[in-house]
Amino acid sequence: MDAKEIIARRVAREVKTDMLVNLGIGLPSLVANFLPADVDVFFQAENGVIGLGSRPPEGMEDPDLTDAGGSFVTAVPGAASIDSAMSFGLIRGGHLDMTVLGGLQVDERGFLANWMVPGKMVPGMGGAMDLVAGAKRVIVAMVHSAKGKPKIVPECTLPLTAARRVSLIVTELAVIEPTEAGLVLRELGPGASVEDVRAATSASLIIPEQIPAMELV
Amino acid sequence: MDAKEIIARRVAREVKTDMLVNLGIGLPSLVANFLPADVDVFFQAENGVIGLGSRPPEGMEDPDLTDAGGSFVTAVPGAASIDSAMSFGLIRGGHLDMTVLGGLQVDERGFLANWMVPGKMVPGMGGAMDLVAGAKRVIVAMVHSAKGKPKIVPECTLPLTAARRVSLIVTELAVIEPTEAGLVLRELGPGASVEDVRAATSASLIIPEQIPAMELV
Amino acid sequence: MKTAKKADEAAALIPEGSVLLIGGFMGVGSPHRLIDALVARGVGGFTVVANDTAMPGCGIGKLVTAGLVTKLIASHIGLNPETQAKLIAGEIEVELVPQGTLVERIRAGGVGLGGVLTATGLGTPVEDGKQVMEIDGKRFLLEKPIRGDFALIAAKSADYKGNLEYSLTAHNFNPIMAMAADTVIAEPHSILPVGAIPPDAVKTPGVLVDHLLEREH
Amino acid sequence: MKTAKKADEAAALIPEGSVLLIGGFMGVGSPHRLIDALVARGVGGFTVVANDTAMPGCGIGKLVTAGLVTKLIASHIGLNPETQAKLIAGEIEVELVPQGTLVERIRAGGVGLGGVLTATGLGTPVEDGKQVMEIDGKRFLLEKPIRGDFALIAAKSADYKGNLEYSLTAHNFNPIMAMAADTVIAEPHSILPVGAIPPDAVKTPGVLVDHLLEREH
């Protein structure tokens, strides 16, 4: 199982029946593949649908039905079309139960940076700032470090996405919960030790006495 | 022809094809009865319909289709149902071409008071403040004086509906246009003289040399 | 999925003293069965946010008559003499709000905005005690968001995911109120199987709705 | 009634240097025939307000490639390398706005609000140079309204009164942009006889629409 699958399978456990969930493009979108059959949720695509379904079969694409990455999708029974005002009204008004987003950096305050690297291409924040500022729960799903450099850091050096403490960080090595007191190591990834996590993390971590192993779906 | 019919027939001339028009309850609502057949407009009821039609025949009322006074109405072909946010978005966003409202007082600044008399019943402003603040043209349709007391006054003594200069005042005696310079007497009602208007008006009036007689539809 | 509740079961969910957003305009589009169940139950002390209190014996007027309303935030109470009488007798506190401002304040509460900046009410008693801001040379009143503990709304039809459609002028405040309360109870005329409402026809996505009243018999 | 225009006739209405609100999300729900006509005409200097610039060869991307866009207000440009290149070369000025803030700013422009008070962007570079207000102990950014000289929008169907319906994720910014421009040009897939769109299905009332493009052939 590769790092991304570990992360997606762990994040999938956070998704509960009746939630409205927004999955970012890339790694976060993999979470949908690992939901238990008895979990009945609606996925939102912020470009305008609640009740996102799987990819349509070849030749059955609808040019007016795509996800926020621009890929063709389907809609499940009971889906709703919404315009951008309603879509972001849901996100900003606290109606979105959970967003799962990738991360470039998360810091000891629990603040996330995931939308730009100064000096590189400027893609724009799209809906990321709204999602992090507005969702009830913000889950950062990312590989623990980037080319050997820690991504969980004392203080973000990249521009923040929002000055809001995210709810949970899930990597292939650990589940870390940002709290008022700091970053708490909650679970260890398959085969990972506390020392492995510490070595790959430049932020201070609060280490409880008991740290269970990550359970994956 | 009574005073109200004179007023309604004169206001009807202000209504042009393709306008979106909101008529207040009472006297203003009579305007719809006098529109020339070639004038094609949509009437808005602020409770949620664009394309208000006439009263339905007895027994054909729909409990879900009323005007802002709560009376049963019909909808014309091409009508649209709108919620209160869209309805007042149209009013406040400058999309309503004209509102016709009754008045208690209008003053030399062109300010209207039409929603409450202190010490009497407090009905609430409903949509009146939004209509006067937001409509492109605000036409006050009212009898010239109330029980012998002038309603066109130097300065409103009743609470204002909005601190916005209305577009036109139409009474049975006169058409008066509030301008930067003051209230200009534009037309005289059937049989009325400048002296009649002056006598029934406590506000200063600007009297042009030529004052045509009111034309009615 | 939502299971449809009987009106008295739904009413029993609402504690004494709750803030209730109640849809309807002069009784059109109000949740009548839910209101009847609240009157039958007799628990009150409610703060009611609604466009109006209809008339005695109709819609929200029944809650007023039954003495269940302690405070009222509305745009118009002129057609309900009982509301007037209770206001004068000091039995009910009334905050009058321009209709367009009321719906925008509720929307702000629902979509997470900090307030509403509007020209409506400037220069009128509505301005009293409120902050006025100058933005790019224009003056605006700062009006605060409104949220409810419960939204009690009416709809034309629902499906068992809670998706709602509305009818003609029975839309009014309902779609906006559905966004602005901790718990949303919807009373549809009919309930359809999931999938029977096309995505483009949904005006309130089911994720906003917590409880459905069973269909009419 | 609206008469349906050919795409080149509609494009000819738009002067050099206009501010254009253009619907669409990665090309889905963009007015493609109108964009092609603008490219064919070659008049530019436009300020474009849109969610994104799609990709080269698609939707708004074609306007960028043709060099017709001088300034861009958008939430995301990451998938169009030509927009990136022109930004770096100083050929196009770009203001990046969080997607939810962008749609609320356009809505504020359309419904006459003085600004948007939002938590999105606080503590990020979006905050730079903007007023922060504290309201009841919470901090909000004041974001200014946006309006266009023209809104160029796409719809599923229209009638000859200009009433519009939208399809699935092709809603996006279109219904909101229809409220926020001096002149609204709508490009529907099909045009139906007046009365063929039920009032409850209309999402943009025809009074907002100035010009219709003829239906697709």
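Since this is a predicted model, take the numbers as computed values, not measurements. Numbers restart at 1 for each chain; the letters A, B, ... are given by sequence-line order, proteins then strands.
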Short side-chain to backbone donor-acceptor contact, A:His95 and C:Met179, under 3.5 Å | yes
Rounded to the nearest 0.5 Å, how far does CE of A:Met86 lie from NZ of C:Lys203?
->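 Separation between the atoms: 11.0 Å.
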Output the distance between atom OG1 (C:Thr204) and atom CD1 (A:Ile82), rounded to the nearest 0.5 Å.
->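 One finds 11.5 Å between OG1 of C:Thr204 and CD1 of A:Ile82.
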Between C:Lys161 and A:Asp40, is the closest basic N to carboxylate O distance under 4.0 Å?
->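 A salt bridge is present here (some side-chain N lies under 4.0 Å from a carboxylate O).
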[X] atom [atom1], neighbour heavy-atom count above 12 within 6.0 Å:
X	atom1	value
C:Lys130	NZ	yes
A:Lys4	NZ	no
A:Ile25	CD1	no

Output a table of donor-acceptor pairs, distance under 3.5 Å, between side-chain atoms of residues 52-61 of chain A and any protein atom two or more places apart or on a different chain; print 'none' if there are none.
residue: A:Glu61; atom: OE1; partner: A:Gly59; partner atom: N; Å: 3.0
residue: A:Glu61; atom: OE2; partner: A:Gly59; partner atom: N; Å: 3.4

Option that, when pairs with chain A are counted at under 4.5 Å, heavy atom only, ranks first among C:Val111, C:Asp200, C:Asn163 =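 Top count of heavy-atom pairs under 4.5 Å with chain A: C:Val111.
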Could you tell me whether the side chain of C:Leu113 reaches within less than 4.5 Å of the side chain of A:Arg92, counting heavy atoms only?
-> yes
Which heavy atom in A:Ala80 sits nearest to a heavy atom in C:Val202, and how many Å separate them?
->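 A:Ala80 and C:Val202 have their closest heavy atoms at CB-CG1, 3.6 Å.
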What part of A:Leu90 gets closer than 4.5 Å to chain C, counting heavy atoms only: side chain, backbone, both or neither?
-> both
